[in-house]
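To keep things clear, I will list the structure first and then write my remarks on it.
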Amino acid sequence: MPTSTRVDDVSADSDAILVGAATLRNDNPRLLVRAPSRRAERTARGLPSTPIKVTVTGRAELDPRADFFVTGDIEKLVYCPTGAVAEARCRLGAVATVVDGGRLVDMCRLSEDLHARGVGRLMVEGGGKVLTQFLTAGLADELQLVVAPFFVGDSRAQRFVGDGSFPWNPDRRAELAEVRRFGDVVLLRYALSDRFDRD
Ligand SMILES: NC(=O)c1ccc[n+]([C@@H]2O[C@H](COP(=O)([O-])OP(=O)(O)OC[C@H]3O[C@@H](n4cnc5c(N)ncnc54)[C@H](OP(=O)(O)O)[C@@H]3O)[C@@H](O)[C@H]2O)c1
């Protein structure tokens, strides 16, 4: 099974998918469940065919024509600080719901707001700045890491996470729950909380 199929599986099992604004600008992701069978399964369970899309931005400099906004008949949520709400609504109000995330957008508050909107399972796809905030705040129940067999060799390359104080350290190691091979890459699944789903 290719890793893209695996990612589609995880997406199909989520109520919402979140990426940071930089990922949205750089990669222009669609963030849709692709396989028709998985979309049909979701619909049969009474869910929308694809999860809610979520992003977070400070500057609100996002293109309303980006694939994130124009693909998928599903709600798109943009969290931004109070000071950027007016500009974000002006630019994106026709294609997304702009949510006031407070003076500074805090991932704990954002998660609570998503929960109030019916999101039980959130997939955070990156990038590093967003992942760092979810992990340092202890909000993640599971971490899925895929290791590819090559070197990047560029100190400017994107890091998985940035600086921060993480709940997992040499004295408190995360639990490695599963190792799975997909072709020449390996998937590592870590249980990060009691809510980790062992099925
Ligand atoms: N290998 C992978 O699987 C994978 C997956 C995803 C992404 N990526 C890569 O990761 C790169 C981007 O990573 P990144 O770490 O630079 O950026 P990122 O996490 O995608 O996004 C960072 C941006 O999100 C907004 N943001 C994050 N936290 C915020 C907060 N608390 N309040 C307000 N806004 C907030 C800001 O947007 P504004 O700048 O708009 O204010 C910030 O510049 C992309 O180039 C992508 O290719 C790789």
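As the structure lists them, so they are numbered: ligands from 1, and atoms in each ligand from 1. We use all heavy atoms of the structure for the numbers below, so side chains are in, but hydrogens, waters and symmetry mates are not.
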Distance-only N or O hit between ligand 1 and G58, under 3.5 Å: yes

Report yes or no: do E75 and T97 form a side-chain donor-acceptor pair below 3.5 Å? yes

How far is atom 3 (O) of ligand 1 from its nearest protein heavy atom, and which residue and atom is that? E125 O, 4.8 Å

What protein heavy atom is closest to atom 20 (O) of ligand 1, reported as residue, atom name and distance in Å? T23 OG1, 2.5 Å

Heavy-atom gap R159 to ligand 1 smaller than 4.0 Å: no

By number and element, which atoms of ligand 1 are closer than 4.0 Å to a non-hydrogen atom of M107? 28 (N), 31 (N)

Any side-chain heavy atom of S11 sitting closer than 4.5 Å to one from V33? yes

Quick one: which of L122, L114, V119 gives a side-chain contact (heavy atoms from CB on, under 4.5 Å) with D15? V119

Within a strict 4.5 Å, meaning less than it, do heavy atoms of the R34 and S4 side chains meet? yes

Using side chain to side chain contact (heavy atoms under 4.5 Å, CB included), reason through V186 and V179 one step at a time and then give a plain yes or no. CA-CA 7 Å; V186 64; V179 178; 3.6 Å; yes

Quiz item: cation-pi between K53 and F68, 6.0 Å / 45°: yes

Heavy-atom protein contact below 4.0 Å for atom 34 (N) of ligand 1: yes

Over all heavy atoms of both residues, which pair between P81 and D100 is shortest? Give the atoms and the distance, please. C-OD1, 4.3 Å

I need the nearest protein heavy-atom contact for atom 17 (O) of ligand 1: residue, atom name and distance, please. A22 CB, 3.2 Å

Looking only at protein heavy atoms, what sits closest to atom 37 (O) of ligand 1 is A21 CB, 3.4 Å

V56 and ligand 1 - part of the residue with a heavy-atom distance under 4.0 Å: both

I want to know if ligand 1 touches V130 in the polar sense, i.e. an N/O pair below 3.5 angstrom. yes

Heavy-atom proximity to atom 10 (O) of ligand 1, picking from G20, G127, G162, A84, points to G127

Could you check whether atom 48 (C) of ligand 1 has a protein contact, counting only heavy atoms that fall below 4.0 angstrom? no

Which one holds for Q158 and ligand 1: side chain close, backbone close, both close, or neither close, with close meaning a heavy atom under 4.0 Å? side chain

Between L24, V146, D27, V19, flag the one that comes closest to atom 8 (N) of ligand 1 by a heavy atom. D27

Is a side-chain donor or acceptor of S49 paired with a backbone partner of T43 at a separation under 3.5 angstrom? no

for atom 44 (C) of ligand 1, nearest protein heavy atom and its distance come out as N26 ND2, 3.7 Å

Are the charged groups of R117 and D113 less than 4.0 angstrom apart, N to O? yes

For atom 32 (N) of ligand 1, which of the options V105, V161, V78 provides the nearest non-hydrogen atom? V105

Per-residue contact class, E61 against ligand 1 - non-hydrogen pairs under 4.0 Å: neither

Out of R109, Q133, R25, K129, who is nearest to atom 28 (N) of ligand 1 when you count heavy atoms only? Q133

Kindly determine whether R91 and E87 satisfy salt bridge (Lys or Arg N to Asp or Glu O under 4.0 Å), including the steps that lead there. CA-CA 6 Å; R91 191 172 292 156; E87 193 181 338; 2.9 Å; yes

Could you check whether E178 pairs with R6 (Lys NZ or Arg NE/NH1/NH2 to Asp/Glu carboxylate O, under 4.0 Å)? no

Residue-level breakdown please: for T57 versus ligand 1, do any non-hydrogen atoms fall below 4.0 Å on the side chain, on the backbone, on both, or on neither? both

Should D67 and P29 count as side-chain neighbours, where that means a heavy-atom distance under 4.5 Å? no

